[in-house]
Protein chains: 2
Amino acid sequence: MELDERKMKILQAIVKNYLETGEPVGSRTISKYTDLNLSSATIRNEMADLEEQGYILQPHTSAGRIPSDKGYRLYVDEMMRERETLLDSKEKQLDDMKDFLIEKVDRVETLLQNMVKVLANNTNYATMISTPQFQNNRVKFIQLSSVEEDQVLCVLVLEGNIIKNKIIKVEESLNNEAILKLNILLNSTLNGLTLDEINLSMISRMTGQAGEQGTLVRNVLDAIAEAIHSENNMEIYTSGATNILKYPELSDSEKATRLIGTLEEKKLLTSLISDSNGEDDGRGIQIYIGDETPVQSMKDCSVVTATYELEDGLRGTIGVIGPKRMDYEKVVETLKTVKDQLDDVYKKIT
Amino acid sequence: MELDERKMKILQAIVKNYLETGEPVGSRTISKYTDLNLSSATIRNEMADLEEQGYILQPHTSAGRIPSDKGYRLYVDEMMRERETLLDSKEKQLDDMKDFLIEKVDRVETLLQNMVKVLANNTNYATMISTPQFQNNRVKFIQLSSVEEDQVLCVLVLEGNIIKNKIIKVEESLNNEAILKLNILLNSTLNGLTLDEINLSMISRMTGQAGEQGTLVRNVLDAIAEAIHSENNMEIYTSGATNILKYPELSDSEKATRLIGTLEEKKLLTSLISDSNGEDDGRGIQIYIGDETPVQSMKDCSVVTATYELEDGLRGTIGVIGPKRMDYEKVVETLKTVKDQLDDVYKKIT
DNA sequence: GTTAGCACTCCATTAAAATGAGTGCTAACA
DNA sequence: TGTTAGCACTCATTTTAATGGAGTGCTAAC
């Protein structure tokens, strides 16, 4: 099953060439392209082998070969060299970007929205980014305040300065003293806890202690649970959906509709969000080629995702969606840089 | 410049037919289609006149005619009958929708997001909706709380239960008493005011009264100003962007990219938001045909917008973007219903 | 003023032909 | 035994030509 060195080189040449041109590549091209100094006939023989082994395929007889998913996979795993040379200029470019991003940014959301746009412009693929998850972040501060007769405002601050709030209806207005008491109760009990740590016995104890205001406490806790619960919170921003249309193999009406539709219906993207199952390269990068994708509607694409991590355990996912023949090297490199630098930018703006 | 009745009828027939088929319509079709009982030759003569007057045009010689922007405009202004007959079923349909929407909706944002999706599915065009504006809403409640040594949380509640918050850095930690005082000062001064009413002299007086905490008050006021300022607040949700691809006249790569890109880059849509300049039909409906649009990139489309109004003076815009040959009647009818009912749904969920 | 008739235009569709990139296979070569 | 030149063959793409038909404009007659 292993490929000898020559076959590897030929496969690599095929993939590289196809990434560049998007056209099936023939034996003659390879014969000239590589330093192997082999005639096209020899290449043809090797190609026949490679096809038999499933690394490349022919769109039709008498066409050149294109990489199969398996071929891309081998390329990505074994042959892709990191572009150290490019790294410097990329660093610089991203430094510029940082300045650009910081300007006028004062909320994480805005930062991420800008980031995802920059990434889309940079790569010419579609991009997505999820707001950080914070299930495991701890409660820092809770406050109830009476806003109107029958309305209580509940504000919740989590580690990482995530603020959630909700207006809760109450039957009868509360006096200041009652509210003060409740605040003390809530803070002393819940501060420093994560959602997972707020369990049933705790809840019943608190509702007990709250006496008359038992139902209110209950409502507050519900509000917290709801506020903190992942699916209500994770937002996904996308950008560059129209980049899809730049690639003929994706731009026919049916595929484009499916893809752009998926990007629009952000919920469908959640399965791309860092399930952090093993398959990454040790630096939080994951590559899904074709059918490997967890999002069915993207089976004609490749998806590259990276997990970024801000301080305070805030963690999210950033991803690039493009044709299978995307420039994996560049994308991976860019994502790594983005991921590394996101933290910096974030620190500067907070 | 006025058209006689017969020409009107012919134009109307052309537009209607073109809306249905999307194909240029010829004289023979009209001759049979209308109850005018005129031969195709006569129709041809009239068509020649209509073309000369700019109401219709020929894609090429030996093709039928299609309406020009001017033709559409006349149709929309003068010929479009409201479909009273359909109204009943539409009402019902929207009632169903209401139930669907209320389920699990507990924030206005979610309501609007669902609404815009339903609208897109219903019409088969692209849709947009803006979150309500609240420049003129009054301050209901302000509260500062010390969250950490150097961080103060500022919560602002406006009429309509719009909540804004921001964490403000301070030099030195504030004791409870100081915060209490500030809260009283802020509330007593600002409650019941709109942003416009918070003027310079008021600010300087307050910073004076705040003594040591002058800068903090300044920061709080800045935060309010920023929170309340329109461009930071208005969000626009879109849906059904891919519906664009259903219409051949818009689905070529270039146009589609431009349009979907515009929908993605929501900021570009702000000029569609209820500048409420006169040109509406008295019920908050506006129709932009082709070049009439304030958004340059949509000059190949028509856009229909409606202003909706929730209670408490919350007001936003909902819009439909489609090909010029969109079904204006249906769209206008649907928008009217949505606009009327949005308020109801909103009341139910709050 | 209306209509029938006719020549003309031009797009769209189909069919046929030319092109050419690329293959697989065979036989000769080192 | 691995490599290469040569050649016949395949098949998507492009080009060209032919055909059909929807629709018009104009003229002459009603």
request  = Run the salt-bridge test on B:Arg73 and B:Glu292 with the 4.0 Å N-O cut-off and return the result as yes or no.
outcome  = yes
Salt bridge flag under 4.0 Å for residues A:Glu265 and B:Lys117 = yes
For [N], the Watson-Crick or wobble counterpart (both distances under 3.5 Å):
N	answer
C:dT23	D:dA8
D:dT3	C:dA28
C:dT13	D:dA18

message = A side-chain contact here means heavy atoms from C-beta on lying under 4.5 Å apart; do A:Arg44 and A:Arg28 qualify?
response = no
Donor-acceptor pair between B:Lys330 and B:Thr123 side chains, under 3.5 angstrom =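 No - no donor-acceptor pair under 3.5 Å links their side chains.
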inquiry  = Less than 3.5 Å apart, any donor N or O on the side chain of B:Thr337 or B:Thr334 sitting next to an acceptor on the other?
reply    = no
query = Where do B:Pro323 and B:Glu249 come nearest, in terms of heavy atoms and distance?
reply = CB-OE2, 3.6 Å
ask   = What pair of heavy atoms forms the shortest contact from A:Lys336 to A:Ile285, and how long is it?
value = CG-CD1, 3.8 Å
Could you tell me the separation between the [atom1] atom of [X] and the [atom2] atom of [N], rounded to a whole number of Å?
X	N	atom1	atom2	result
B:Leu36	C:dT3	CG	P	10 Å
A:Asn17	C:dG22	CG	C1'	14 Å
A:Ile66	C:dG22	CD1	C1'	15 Å
B:Asn37	C:dG1	CG	C1'	16 Å
A:Glu46	D:dT3	CD	P	7 Å
B:His60	C:dC11	NE2	P	6 Å
A:Asp4	D:dT1	CG	P	17 Å

task = May I ask you to evaluate whether B:Thr42 reaches the phosphate of C:dT2, defined as a side-chain N or O under 4.0 Å from OP1 or OP2?
result = no
note = B/S/- along nucleotides 21-30 of chain D (protein heavy atoms under 4.0 Å) is -BSBBB----
